[in-house]
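To start, the structure under review is shown below, and the notes come after it.
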Number of protein chains: 2
Amino acid sequence: MEGSAPRRTRIQQEKRELILEAALEVFSANGFRGSTIDQIAEAAGMSKPNLLYYFRRKEDIHETLMQRLLDTWLAPLRELDDIGDPMTELRSYIRRKLEMARDFPRESRLFANEILQGAPRIMPMLEGELKTLVEEKAAVIKGWMRAGKIARTDPWHLIFSIWATTQHYADFDVQVRAVLGPDRGGDGRFEDAARFLEQLFLDGLKPKV
Amino acid sequence: MEGSAPRRTRIQQEKRELILEAALEVFSANGFRGSTIDQIAEAAGMSKPNLLYYFRRKEDIHETLMQRLLDTWLAPLRELDDIGDPMTELRSYIRRKLEMARDFPRESRLFANEILQGAPRIMPMLEGELKTLVEEKAAVIKGWMRAGKIARTDPWHLIFSIWATTQHYADFDVQVRAVLGPDRGGDGRFEDAARFLEQLFLDGLKPKV
DNA sequence: CAAAATTTTGACCGGTTGGACAAACGTTAG
DNA sequence: CTAACGTTTGTCCAACCGGTCAAAATTTTG
């Protein structure tokens, strides 16, 4: 009975949340090796030994954070459904992904950091759960192509391109803002991006005749 | 006289190259803070004090690497020219960027690491040189739009989308290969990507009537 | 060859980091 | 109140890390 989930007091639940929030901030900005327990502890407003009372090892924090992330991270793709107009479905998938880049940039950067370092801690998940999910959705997209609802292309690379273009606004945010400058790079940049991406994925760049 | 470029012996030139090559390997895989001088020294086949004879500080290696990177990194965009057919120009820019992701993935990851950490060491260059270059090219693209050669959109976000989609194949390579699997993820994946991106940027996804 | 200059090495140092631990402190239930 | 349990803190440690230094080994030059 009650095998996996350890019983927790009220304080433990609260403090663990506090630590995870602080760790997300620190890890996403400095990477795993670039972050110290002291930094996380300070950001969480407690001493290092106190933090280590709630998470025995630095890796445990990162692992917990990563597990939580993955669920919410794939939610938009999971929602991509066969019901409804294909073009509308894709458009709203892009919009959802872009909203995640806007609202959860730290999560995006945490994920990017992990992949950049070769995904040492989540490789099984990529080859298992993620691969399966993408295969499933690629099949749906192929169906749309066969039905003549969208142009024929490679569904896998289509998904990659949506990931790349949307996550770019979280992962490369510093560069985006630097290049756009103070005026163009304000809060409106996400709406500009949404408009551009919609047009790109719909009509491409060829001029209308 | 002879102000900036220090005179170097044959051995110094060779060994410095060796170190930079090793450092590119290590830094791009682990980030700056995640890499140790010992790792780089071992990868370069020498002892740590010996390495420090050629580069006095760890940061010097990273800085030298970064300076070299930036020149080659922006070369494809610099080549984007007003002469020739606009659609062809864009297509070959995309192709060149994708070839760089294929042939220089470590350079791409080094850059991505730097931006992810908030670009602490190259911020001035982003706000200066890069911003100016992009503004210049955005003006060229705007000209094409005014002339009706390509569809009207935001030139800045167009450039971002090209960067994002192409660099994705270097920075997220592990994920790409994991999702595509052994068969689809072989050497042919870059040609598949090239075909897909060409179609995306030309025609988008709307079905042809 | 021999002196001068360059390159390589081993030993060492101070600061940081992840983590252990016992003692002190606070809370809660009988 | 008090015993039991949960929480917090100060102290400490061993490993690691960036970097120094003097001496030894090697290469270059006259």
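Chain naming here is simple, since letters A, B, ... match the order of the sequence lines and numbering starts at 1 in each. What you are looking at is a predicted structure, and each value in this text was computed from that prediction instead of being measured. Heavy atoms only: backbone and side chains are in, while hydrogens, waters and symmetry mates are out.
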Separation of atom [atom1] in [X] from atom [atom2] in [N], rounded to whole Å:
{"X": "B:Lys58", "N": "C:dT16", "atom1": "NZ", "atom2": "C1'", "result": "13 Å"}
{"X": "B:Leu51", "N": "C:dT9", "atom1": "CG", "atom2": "C1'", "result": "14 Å"}
{"X": "A:Asp38", "N": "C:dG18", "atom1": "CG", "atom2": "P", "result": "7 Å"}
{"X": "A:Leu52", "N": "C:dT17", "atom1": "CG", "atom2": "C1'", "result": "11 Å"}
{"X": "A:Gln12", "N": "C:dT27", "atom1": "CD", "atom2": "P", "result": "15 Å"}

### Message
Here's one to test your reading of the geometry: is the NZ or CZ of A:Lys137 within 45 degrees of the ring axis of A:Trp156 and under 6.0 Å from its centre?
### Response
no
Aromatic A:Phe55 / basic A:Lys15 pairing, under 6.0 angstrom, 45° off normal: no
Counted 5' to 3', the first and last nucleotides of DNA chain D within 4.0 Å (strictly under) of a heavy-atom of chain B are D:dC17 to D:dT28
(message) Are more than 12 heavy atoms, taken from residues, nucleotides or ligands other than B:Glu127, located less than 6.0 Å from that residue's CD atom?
(response) yes
Flag if over 12 foreign heavy atoms under 6.0 Å of CG, A:Asp183 = yes
- request: May I ask you to evaluate whether A:Tyr53 reaches the phosphate of C:dG19, defined as a side-chain N or O under 4.0 Å from OP1 or OP2?
  value: no
Determine the contact category for A:Phe55: base if any of its heavy atoms lies under 4.0 Å from a base atom, sugar-phosphate if only primed atoms, P, OP1 or OP2 are that close, otherwise nothing. nothing
Given A:Arg57 and A:Asp60, is the salt bridge (Lys or Arg N to Asp or Glu O under 4.0 Å) satisfied, shown in steps?
CA-CA 5 Å; A:Arg57 296 176 310 146; A:Asp60 291 347; 3.1 Å; yes
Per atom distances to the A:Pro49 side chain, the nearest of C:dT8, C:dG19, C:dC21 is C:dC21
With the side chain defined as heavy atoms from C-beta on, A:Lys48 is closest, among C:dT9, C:dC21, C:dG18, to C:dG18
Note: for A:Arg33 and B:Arg56 on DNA chain D, the residue whose nearest nucleotide lies more 5' is A:Arg33
Any Lys/Arg nitrogen of B:Glu191 or B:Arg195 sitting under 4.0 Å from an Asp/Glu carboxylate oxygen of the other?
no
